[in-house]
Each structure stands twice: as structure tokens, then as C-alpha cells.
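What follows is a single structure, written as C-alpha cells, with notes after it.
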Amino acid sequence: IGWRVYFCRYVMIPFKLFSIQNFWRTTFRAVLVSSGTGLYYGSEQTTSSVPTSDKKSILPPITLYQYTTCPFCCKTRAFLDYYGITYTTVEVNPLFKKEMKFSKYRKVPFILTGENNDVQVNDSSLLISVLRSALLLHCSVSDALDKYPELRYVNEKNTEYVERANKYFIMMYGEANDLHQIREERQWREWVDTKLVHTLSPNIYRTLGESLQAFDYISSVGNFNMMERVLAKYIGAVVMYILSKRLKKKWGLKENVRQSLYDCCDKWTHAIGKHRQFMGGETPNLADLAVYGVLSAIEGLDAFNDVKKHTSIRRWYYAVKDRVNKQEGSKLIV
């Protein structure tokens, strides 16, 4: 939301002063495909099936509404892929959002599931907790969601917000075997959402060169005509380069934002320690999947390459990626 406020204030409103509205509308669309925490792939509605293991899923079909390279969406897909959960994706246009016009919730990711596709679960961390709880409890997604009570509140602008309580908690039967590990997993999942993810945008748009690199990727994978590609790459890159400086200040990052990203990665690997392959021990837990998923949003960019060079996260990252690609979590579903 913060990104869209910046765009409206510093890009969209000034541009509306020009008379060639169709030209600027194209500009806005090209720029806004990146409006958010990560790199966004804007297109018309697309649906794709994700290959899963031969084991039949015990969950009903799931439809994931997403921006392809949004870190929160990447985190969600990492979870779904690791556990071999069958799902399809719908790519949402970040400007018009017509693919999700039925939803009062105006962010991504969210999922639709249930026998009649009538159960909606919003927010990446909540939907991961709900689906994991449903698998552990052998109950429906709707029943699992009911264990996270709604919290309604009104802000100073008289806008009502609805959230779910305890979204980082996993519901399970009986007594937990290792309370320390459960608390640790929960703590680091929240850290991903409140700390790690905010280091990404200021890093991928740190310089004009890196911003152009990011938008070159966006324009190459997006559904753009020639003019849209040029606008996305050059105008979008300049706008996001400027706005990244505001984000650096907003999230209290160091003057060298790379160091803030390095610090987060070092903090994570230090928490795992030398005697565990993953935070989950021999297998990734939800915290491992969350950190991996968010970082996968910038894989291939200069920021990610620098992280591999200047931190010790490389070995852990590719170990998790291998487990996710092999859907090894599906073996843990009983």
C-alpha cells in the first residue's frame, strides 16, 4: 500500500496534468507492475498447474492469487511446493486487479479453496499456518481457519480492518514435543515479515543500474507491447530508484543498504548454528521455507549474487531449494 501512495503522490497525479492520457496510462501500468515489496509480473489472468508428487493431496484444490515475484507470494509457493500441495495460480494485474474484483481483500497473496471454492484465506503467513494446521489436524481448511479468530478494528480514518489472531501459530493435537523449537520457528517467521523482507526493495533498486536490471527482468517476462516494455524499463527504473531512498529511511536501514541485507542473512545463519542443517534440524521447517521463499524473489539479481559472496547463506539456501524442488515435505504428510 505504501508504494501505491508514493506512486499516486509523485507519479500519477503530476502525470495527469498532461493531455495525452492514453500514453501516461500505459506508463503507469508499466511502472506499477513493480509497485510493492518485490518484482511484480503484471499480465492478464493466467492459470497454471504446478506439478506435484504422485501422492494424492488430502487438501481440496487451491487457487493462489499472486504476483509472480512478490516475496510474500514466493514464500507461499515455497510452502506449497515443499509439501507437494496441488494448486493453480492466477496472475493479478497490479494496477486494475480485475482478476480479484470479487474480493474485499485487496492484497496478494490469498487463496480460494474448499469443495465449492468458497473458502478464502488471506495473508501469506496466515494461509501457511492454516494449511499446515489442516494437514496436522486432518481437518478441512475451513475448520482450521476457524481456529484463528477474526479481529476487527477501525483506524483513525474510520476504515475497518479485519485480521486473524495468532497467525504464526500452528494448531495441533496433543502436547508439543519441543516447545523451544516451536517458539523459535514462530519467532523467525515473524522476523521474515517484519525485518528481512524490508531490506529487499532498497537493495534491488539501490542504484540506477540495479534498478534497470530489475526492470529489464520485469519487462522481459511481462505481457507488454513494445512501448510498455520501454516505459517499464526506463521510467519505472528511475521512479523506483528514487523511491527506494525513502524506503531506506522508513525501515531504518544502514547507509549502505547492502550491509543491512548481509546482516539479516548473517543473523539467520547464526541462529541455525553449526550443528543444524536447517532451523528445522534435518528437514526445513516453516521458518526455513519463509526465509528461502522471500530471498528467492531476488535470485539472479546483483543483490542476491552479492549476498552469496559476502555471507555464508549460500549452502543453506540451495539445500532448501533442493528440498522444495523435490517436494520432500510431501513425505511428512500422514
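Since the structure is predicted, the reported quantities are computational estimates derived from the model, not experimental observations.
Looking at Gln66 and Glu91, their side chains do bring a donor and an acceptor atom within 3.5 Å of each other. Inspection of the Arg189 and Ser129 side chains reveals an N or O donor paired with an N or O acceptor under 3.5 Å. Side-chain atoms of Asp302 and Gln213 form a donor-acceptor pair, as typed in the model, at a separation below 3.5 Å. A donor and an acceptor atom, one from each side chain of Thr283 and Glu328, are nowhere located under 3.5 Å apart. Under 3.5 Å, the side chains of Glu163 and Tyr153 contain a donor-acceptor pair of N or O atoms. In this structure, a donor-acceptor pair under 3.5 Å is present between the side chains of Asn122 and Gln120.
Judged by distance alone, the side chain of Ser133 and the main-chain N or O of Met171 form a donor-acceptor pair under 3.5 Å. Judged purely by atom type and a 3.5 angstrom limit, Arg77 uses its side chain to pair as donor or acceptor with the backbone of Thr68. For the pair Lys309 (side chain) and Phe304 (backbone), a donor-acceptor distance under 3.5 Å is absent. Checking side-chain atoms of Ser211 against main-chain N and O of Thr207 turns up no donor-acceptor pair under 3.5 Å. Remark: the backbone N or O of Ser103 is paired with a side-chain donor or acceptor of Arg106 at under 3.5 angstrom.
For the side-chain contact (heavy atoms from CB on, under 4.5 Å) criterion with Val141, the lone passing option out of Leu127, Leu135, Asp146, Val130 is Val130.
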Original post:
Step by step, would you call Lys195 with Lys267 a side chain to side chain contact (heavy atoms under 4.5 Å, CB included)?
Top reply: CA-CA 11 Å; Lys195 298 294 183 182; Lys267 184 174 183 177; over 6 Å; no
**OP:** Please step through salt bridge (charged side-chain N to carboxylate O under 4.0 Å, His left out) for the pair Arg183 and Glu185, ending with a clear verdict.
**Re:** CA-CA 5 Å; Arg183 293 192 185 102; Glu185 177 186 69; over 6 Å; no
**OP:** Mind running side chain to side chain contact (heavy atoms under 4.5 Å, CB included) on Leu131 and Leu80 for me, showing each step along the way?
**Re:** CA-CA 9 Å; Leu131 293 178; Leu80 295 171; 3.8 Å; yes
**OP:** Starting from the C-alpha separation in whole Å, work towards a yes-or-no answer on side chain to side chain contact (heavy atoms under 4.5 Å, CB included) for Met279 and Trp188.
**Re:** CA-CA 10 Å; Met279 181 162 282; Trp188 285 98; 3.5 Å; yes
**OP:** Kindly indicate, with the supporting measurements, whether the criterion side chain to side chain contact (heavy atoms under 4.5 Å, CB included) is fulfilled by Leu64 and Thr76.
**Re:** CA-CA 9 Å; Leu64 171 65; Thr76 301; 3.9 Å; yes
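Contact between Ser140 and Ala134 at its shortest, heavy atoms only, is O-CB, 4.2 Å. Summarising the geometry of Ser244 relative to Tyr205, their closest heavy-atom pair is OG-O, 3.2 Å, with the distance given to 0.1 Å. Closest approach of Tyr148 to Ala165, counting heavy atoms only: CD2-O, 3.4 Å. Across Tyr317 and Glu299, no two heavy atoms sit closer than the pair OH-OE1, 2.6 Å. Summarising the geometry of Tyr82 relative to Leu332, their closest heavy-atom pair is OH-CD1, 3.8 Å, with the distance given to 0.1 Å. Between Thr199 and Asn203, the closest heavy-atom pair is O-ND2, 2.6 Å.
Counting non-hydrogen atoms of other residues, nucleotides and ligands closer than 6.0 Å to NZ of Lys326 gives a total of 12 or fewer. Counting non-hydrogen atoms of other residues, nucleotides and ligands closer than 6.0 Å to NZ of Lys308 gives a total above 12. Counted within 6.0 Å of CD on Glu150, heavy atoms from surrounding residues, nucleotides or ligands total more than 12; the atom is thus considered enclosed. Within 6.0 Å of the CD atom in Glu115, the count of heavy atoms belonging to other residues, nucleotides or ligands does not exceed 12.
Separating the NE2 atom in His310 from the CD atom in Gln259 is a distance of 9.5 Å, to the nearest 0.5 Å. Atom CG of Asn256 is separated from atom NZ of Lys248 by 8.5 Å, given to the nearest 0.5 angstrom. The line from CZ of Phe72 to CD1 of Ile128 is 10.5 Å long, rounded to the nearest 0.5 Å.
When side chains are defined from C-beta on, Val294 counts as touching Leu200, because their heavy atoms get closer than 4.5 Å. Counting heavy atoms from C-beta on, the side chains of Phe79 and Ile85 come closer than 4.5 Å. Side-chain atoms of Pro284 and Phe278, non-hydrogen and from C-beta on, do get closer than 4.5 Å to each other. Within the 4.5 Å cutoff, the side chain of Thr63 has no heavy atoms near those of the Tyr87 side chain. Between Thr159 and Val154, the closest side-chain pair of non-hydrogen atoms is not below 4.5 Å. When side chains are defined from C-beta on, Asp306 counts as touching Tyr262, because their heavy atoms get closer than 4.5 Å. With a 4.5 Å cut-off on side-chain heavy atoms, Leu112 and Asp118 do not count as touching. In this structure the side chain of Lys75 reaches within 4.5 angstrom of the side chain of Asp193, judged on heavy atoms.
Ion pairing between Asp288 and Arg323 fails under the 4.0 Å rule for side-chain N and carboxylate O. Contact check on Lys167 versus Asp123 returns a salt bridge, with a Lys/Arg side-chain nitrogen under 4.0 Å from an Asp/Glu carboxylate oxygen. Here Glu99 does not pair with Lys101 in a salt bridge; the nearest charged N to carboxylate O distance is not below 4.0 Å. With respect to the salt-bridge test (charged N to carboxylate O, under 4.0 angstrom), the residues Arg276 and Glu184 qualify.
Classification of the Trp316-Trp268 ring pair by plane angle, with boundaries at 30° and 60°, yields perpendicular.
Between Phe102 and Tyr65, a ring centre-to-centre spacing shorter than 6.0 Å is recorded.
A cation-pi arrangement is present between Arg186 and Phe169, with the terminal nitrogen or guanidinium carbon under 6.0 Å from the aromatic centre and inside a 45° cone about the axis.
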